[in-house]
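Take a look at the structure set out below.
Computed from a prediction, not measured in an experiment: that's the story for all the values here.
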Amino acid sequence: RRRERRGAQFISRGPPADKPIADSWEIVEGLRGGFSNVQEPQKQEGYMLKRRKWPMKGWHKRYFFLDKGILKYGKCSTDIEKGKLHGCVDVGLSVMAIKKKTKCIDLDAEENIYHLKVNNLSVCEAFLLELSHLLQSMEVLHRTYSAPSIQALQVSTLFVISFSFMYRKGLLIIPKQDSVDESRPLVHQVSNESRASIAESLTEFFDAQEVLLSASSSENEVSITVTSNSYVLPDLMSPGSVDESSVICRRRSLLPSPSPNNSTISLWNILRNNIGKDLSKVAMPVQLNEPLNTLQRLCEELEYSELLDRAASTQDPFERMVYIATFVVSGYASSYYRTGGKPFNPVLGETYECDRPDKGFRFIAEQVSHHPPISACHADSKNFVFWQDVRCKNKFWGKSMEIVPVGTTHVTLPEFGDHYEWNKVTSCIHNILSGQRWIEHYGEISIRNSSSDICQCKITFVKAKYWNSSVNEVEGAITDQKGKVIHKLFGKWHEAVFCGDPPSATCIWRANAIPVNHEQYYGFTKFAIELNELDSSLKLLPPTDTRLRVDQRLLEEGNLEAADEQKQRIEQLQRERRRVLEESNTTHQPKFFRRSKDDTWVSNNTYWELRKDPGFAQIDFPTLW
């Protein structure tokens, strides 16, 4: 990856003594002084605590050495002198935040997010003293290349500062940028609040008025024929009337329109107007979406469902676990090419079905909760049953966004009475504001069979390391009751999984080839291209099905202005429905899922029965769009 020189962002978390705590931001005065007093920063070194997320979670003592803008660390000073580094960070290419009250430093570099803590505040201040001194001596502050030209500066605007060369030589590099008026004085601002006010959930975006883009009015709407309770396609087969083994599925291999050019839309615009606000209330431009929904993303995890079919036909419990573990890894493969856009967020009550006789399963999902946002899904076939509900906690760290899923995924194999359960790992999208975005998954997945303790499995998604260039690696081990390793797994989550020891290992799974023009079409796989298709295999859909969502369909067809207009209308409809529920002191009741005793959402097993003729005629659906 090519690393471009981008500025660092410095955020202070402590309220000034002369300002009330409620005031989130202050302007740093004295920024117009010359460079005569700027000196080369002094070296700083000492012990700090570094937080590890996995393995060995918690705070670990490490020796840090800061010189000319490069922060190195190891176990002790001797390791630093010998070049035995655990990591090396270019502070000038990072986003940094401090919180004096808890003596914490957050450093968002390109590859990693570092969380540091000191026991003595003077040690922390020593590391940051020269940095703050340089801030006070700056004449002009400049934005990163992704930041837009701003005509009027607001107190809530956050500017990114270039420190890299200044750290090294004691000077300031001014990035060349034709669109910047160099005669215009810029203002730097420092936050008094905790970074937690920014690192909030980015999951929901339909509770705020769209103020980032003003879409032109358009009368263009997608042509959809809707009856009172269902969407009807002519000349369709009745469900179950065709032998599944004889079905020949002819599905589309290309989207109607390529992805739009969103280079003019930067997340900087969103963040700079919402500093200190709850980002779950921020409306996102439709150009930053992909024409798929979060409910459809859940269905993507079943792209390689044949692995579950193979597990269901395997007698050996350890080999069954091999296929289950490989299936878990395969669910992350499609995300490798999907960092350019976010899926549409489902509105409350939205549903999605995917009936795939060619793959032998049928899938149903529903948005069962709005605050907090929860998506529930259920899939079944003659070989397996799959279900989960998804709740995600998203944190923005300045240059990266972490997605931390909460909940448990389940698969049962009726043939053997197995019930497998597992958690999901953390995902992180790097270079949110500028540069080439890329995604990594890291953490540990534990798979257990709650019906039997014969074997268990642990899979580690290896986080990219400073001293190792390999990325996207996974390692796993299947053990017996005594902890003895029976099978070893390894590979890359976006390519393949192998079982055994190299070079004689057996390939269990290999990702399907990506379409040659995937970069022009949102990075979709062939399976993803098929998810939003309206074809003749569908007879009746409830009016809440994602395929009928107008703004998503318009985006897929390349009509951005109409899609943005419809998106705002759909968001307003949801706000009105929620207000009615609040005024009547009632709560939303999902149609096809119910809350279980352990506070998770499971299918009520009514969807496919109700889908039969006369369809959903007896169901009263809300008007979602």
| If you measure only the distance, is there a donor-acceptor pair under 3.5 Å linking the side chains of K424 and Q388? |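 Judged by distance alone, the side chains do pair up.
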| task | Could you verify whether a donor N or O on one side chain and an acceptor N or O on the other, from E557 and S257, lie under 3.5 Å apart? | result |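 Their side chains do not contain a donor-acceptor pair, so the 3.5 Å distance test is not met.
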| task | Give the C-alpha distance, both sets of side-chain angles, the deciding distance and a yes or no for ring pair (Phe, Tyr, Trp, His ring centres under 6.0 Å) between H419 and H410. | result | CA-CA 7 Å; H419 182 171; H410 303 261; 5.2 Å; yes
| request: Evaluate ring pair (Phe, Tyr, Trp, His ring centres under 6.0 Å) for Y607 paired with F616, printing each intermediate quantity in order. | output: CA-CA 9 Å; Y607 182 88; F616 297 91; 5.3 Å; yes
| task | Heavy atoms only: give me the nearest P291-L555 pair and the separation to one decimal. | result |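 P291 and L555 have their closest heavy atoms at N-CD2, 4.0 Å.
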| field | Closest contact, heavy atoms only, H441 versus S335 | value | NE2-OG, 2.8 Å
Is there a side-chain contact between [X] and [Y] in this structure, where contact means two heavy atoms from C-beta onward sitting under 4.5 Å apart?
X    : Y    : answer
K463 : E440 : yes
L531 : Y352 : yes
E495 : N472 : no

| query | In a check of side-chain hydrogen bond (donor to acceptor under 3.5 Å, both in side chains) between Q296 and each of Q552, R547, E290, which one passes? | reply |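 Answer to the side-chain hydrogen bond (donor to acceptor under 3.5 Å, both in side chains) test with Q296 among Q552, R547, E290: Q552.
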| query | Stepwise, does the salt bridge (Lys or Arg N to Asp or Glu O under 4.0 Å) test hold for K526 with E530? | reply | CA-CA 7 Å; K526 180 180 181 298; E530 301 167 355; 2.5 Å; yes
| request: Would you check if the distance from the ring center of Y332 to the ring center of F461 is below 6.0 Å? | output: yes
| How far apart are the C-alpha atoms of H494 and W509, what are their side-chain angles, what is the distance that settles it, and do they pass the ring pair (Phe, Tyr, Trp, His ring centres under 6.0 Å) test? | CA-CA 11 Å; H494 71 297; W509 161 82; 9.3 Å; no
